[in-house]
Amino acid sequence: MWSDLLDSLTPAQREAVEHLEGPLLILAGPGSGKTRVITHRIANLLRHGVPARAILALTFTNKAADEMRARLERLAPGEPVWMSTFHRFCSRLLRQYGPLVGLRENFTIYDSSDSRNVLRRTLDELHIDAVLYPPERIASAISWAKNNLITAEHYQARPGHPLGSVVAKVYPAYQARLLASSAVDFDDLLLHVASMLRESPETRSALDARYRYILVDEYQDTNLAQYTIARALSIDVPNLAVTGDPDQSIYGWRGANLRNILDFEQDYPAVRVVKLERNYRSTKRILRVADTLISYNQRRKKKGLYTENDEGQSVGLLAYATQRAEAESISAYIAEGIRAGRRRPRDFAIFYRVNALSRSLEFALREEGIPYQMVNGLEFYQRREIKDVLSYLHLINNPRDDNAFLRVINTPPRGIGKSTIGRLAEHAARYQHSLLDAARESGLIESLNKRAAVAVAKFVSLYDRLSLMAAAPVEEVLGHVLSESGYQQFLRESEDEEDQERLANIEELLTAARQFDENNPGEGRLETFLEEACLVNETDAWQADDDRVTLMTLHASKGLEFPVVFIVALEEGLLPHERSREHNELLEEERRLLFVGITRAREELQLSLATYREFRGQRRRTVPSQFLMELPRGEMRVVEPSWNDPAWVTEDEMPWEADAPETASEPEIKLPVASGPISTTPLTTAAKLHGTETAELPHTSPDAFHQGMVVRHPEYGLGKVVALSGSGAKRSATIAFASLAGQKKFMLAQSQLRPAKSL
DNA sequence: ATTCGCAAAGTTTTT
DNA sequence: CTTTGCGAAT
C-alpha cells in the first residue's frame, strides 16, 4: 500500500514528495498535480514516522483545506494532521494565547460588514465627515496597514495625504473599539498572532518546535503577516514547504505580496526548488493560449508549461453583437451538448470578472431550462436574518460584543429606539462599560425615561435567561433564542413575503446547527460554531457533485477545473477592470486572472465579448480587451459579430464611429416576458421546507418536529416547541405549555407529543 | 419610535 | 439598476 505512494508519481512530483527536511519551494503550474504532491508528501512524512500533530498545512481557502483533508484521508486514513486556512489557524491560536496580546479567549470575530459598522461608529465619534473620507477607503487603508503589520500605534500618514492623516486618527480609535468589545477583524487574526509570536519568544519557539513540518499552499497569495507567521514558526525547525505559482497570484489587492514567493530562495538559501511544469489538465491548444498570454507579464518566474494531452479543439474567440446574444449563444451551446448526450450540466462553467455580469447568463440558462448554480456574493451568513440571530449567540458568547448588542437590542422591535440607545452608549462611554453593562444599569441612567428603562431591563432579563443556555447544544440555544426573543414569531406574523423566506433561511441555520452538534459533541460548542460561521463562505459551499452548470467569478474559479469553460466580457474596463488601468502591476494581476480562468478548462474553452453591453442600466458600446491582442489568434477559432462588423480587430480597423447596420432584432433589447415572478435567487433553499402544515400521524418521527411549531401532549395539552436538540433516539424537545408556567423537556422517541394544527 | 419614502451612492475580487 | 443609508412624516 505504501509503495503505491511513490509509484504513481512523475520524477518531479516524486522529488517534492521525497523531500523531507529543510525548506522546499514547489513552483506548480496550473493542473500540474500540486494538491496531489502535497497530500502525498504529507503521507510520506507520516510514513517516515512524523507524528500527525507535528504537521501543519495552511491554505488560503476552506475549500482547499477540505479538499486536501479529503485526499489525505484516502492516502492515510485517520491521521489528525492540522489543515486549515491561515485565519482559522490563527483564530485557534488566539483562543489559547490571546491574553498575551490583550485579548480574551472568548473574543468575537467581526466579518467585514461588522467591522464596517464599527468603523462607521468610530467615524461618527470622531466627527469625521463620511462624504469627504469614505469609510470604504479608510477601511482598506487600515486593512492594508494590518496586513503589513503596522499597528495602530505605529501608523503614520505620509505627509501631504489628507486621507492618511485621517486614518492615523481613526485607526487607533477603531482598534480601541474592537478591543473594548473583545473583538477582532479578519486582519487582526493574523496581526495579533504575528505580534504574539514576536512579543513572546517562548511561545514562538514552543510552537516552532511543535509544528515541525509546515506546508503553505498558494504561497503567492500570502501577505506580509502570513509570511511572518510562517517564517516565525520555521526558524529553529526550518522545514517549511511552500507551493504556489506566481502566475496565479490574484489577490494583490488584498495585500498579497508576490515578493514572498519570488524571493523565497533568498529567504531560505538552503531551499530545494522543484518545478512542476507538466500539465495534466488541459489540451495543448488551451495551454498554448494561456502560456502566450501570461508571457506578457514582467514580474514572474518563467516556466515551461507543457502537456502530453491531445491537441484538442481550437479555442473559440467570439464577438457577439450584444450581451444577450452572448448569453443565448452560450446557453444554446450548452443545451445542445446536453441534449446530444455528450455532456452533462456539471461539465460547464461560465466565468466573469464581476458578479454583476451574471444576470443575462442566468436568464438565458433559465430560458433553456438548464440547471445552474451560482457561486455568488450574497452569502448565507451575510443575510440579515442570519446575522440577527447569530448576533444573539455572539452576545451570549461574549457579553462585551457591542456590535452584537446593537444588532439585537431592538430586533425584533421592542420599543428601544435611537435615542435610548444613544443614552446607553453615552453612559457606557462615560464609565467604560460595555453596552450590555450599561443596559444593566438602565434604572440608574437619569436621561432615560421610565418606559425606556423598563424596556431595556426586560431585554437584559431576556439576555440573562438566554445565557443560562450557553453550554447547551447549539441547536438548542438557537431554539431558545428564536422562541424567547420573539424573533421567530415576529417573522411569522409579518405580512411581508420576504420574511417568510427569512424563516426558511433560519430553518436552514437550525439544520446547520444540528449538523454541527452532531459533529462536535462536548465543550466550547457555541464558540466553535460561531467561529465557523464567520470564517466560512459561499465558495466553500460550492458543490462539485451537483449536476449543474457553474457560474462564478474568475477569482472564485481558482483551484477548480471543468471540461468546458466560457469566459465572458473580455472588454476594456471589465477585464482588465478599469481600476487596474493606473498601474502596470494591477494590469498584470488582471492578466493573471484571465490566465487562471483559461487554465481551468480541460477540453474546450471559449472567450467572448459583446459589442454592446448593458452597464448600470445603460447600453454602451464596448472596447475589446487589450488581452485579446495578446492571444495567438492565428490558431484560434475567431467569430465576429453577427452583423459582420469586424468589431474588435485592431485599433485603426475599428469602425466604432461608423454605425453598424442594425439587424432586425437588434435595436430593441427587450427581455422576454416571463409568466409570473422569477426568483432571482437560484440556489435558495426556500422551497425545501414548508414546515407549516403537519397532519396528525399515527407514528410521529422525531423529524416531524420543528422549531416553534405547536404540539399537543395528552396530559399537558397544547404547547410550543421552544427548542430542539440531539439526534436519533436522543432527539429531544423543550416545550412551553399553555397550561404550565415553566418548560418541559422530552425525549421525542418516547414522548406522547404530537404535532397539532397550527393556530 | 416606527415607518415610509426618497436620495444617493456605489458597484472587484475574500478570509 | 440595485442596494443602502438617511431624513422626514406619522
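We use all heavy atoms of the structure for the numbers below, so side chains are in, but hydrogens, waters and symmetry mates are not. All values derive from a computational prediction rather than experimental measurement.
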Show me the protein contacts with nucleotides 2-5 of chain B, counting only N or O atoms at under 3.5 Å.
| residue | atom | partner | partner atom | Å |
| --- | --- | --- | --- | --- |
| B:dT2 | OP1 | A:Gly415 | N | 3.0 |
| B:dT2 | OP2 | A:Asn410 | ND2 | 3.0 |

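Counting any heavy atom pair closer than 4.0 Å across all strands shown, A:Arg88 reaches no nucleic acid atom. Heavy atoms of A:Arg120 sit under 4.0 angstrom from primed sugar atoms or phosphate atoms, though from no base atom. Within the 4.0 angstrom heavy-atom criterion, no nucleotide atom of any strand lies near A:Phe86. Across all strands, A:Ser580 comes closer than 4.0 Å to no nucleic acid atom at all (heavy-atom distances).
Between A:Ser485 and A:Arg414, the shortest heavy-atom contact is O-NH2, 3.4 Å. In plain terms, the two heavy atoms of A:Phe186 and A:Leu535 that are nearest each other are CE2-CD2, 3.6 Å.
Within the structure, every side-chain polar atom (N or O) of A:Thr61 is placed at least 4.0 Å from both OP1 and OP2 of B:dT14. Put simply, A:Thr420 has a side-chain N or O that comes within less than 4.0 Å of OP1 or OP2 on B:dA1.
No more than 12 heavy atoms of other residues, nucleotides or ligands lie within 6.0 Å of CH2 in A:Trp144, so this atom counts as exposed by the packing criterion.
Distance A:Glu136 CD to C:dT4 P: 13 Å, rounded to the nearest Å.
With respect to the salt-bridge test (charged N to carboxylate O, under 4.0 angstrom), the residues A:Lys558 and A:Glu218 qualify.
Both cation-pi conditions hold for A:Arg619 and A:Tyr612: the charged atom is under 6.0 angstrom from the six-membered ring centre and inside a 45 degree cone around its axis. A:Phe107 carries A:Arg95 over the face of its six-membered ring, with the cationic atom under 6.0 Å from the centre and within 45° of the normal.
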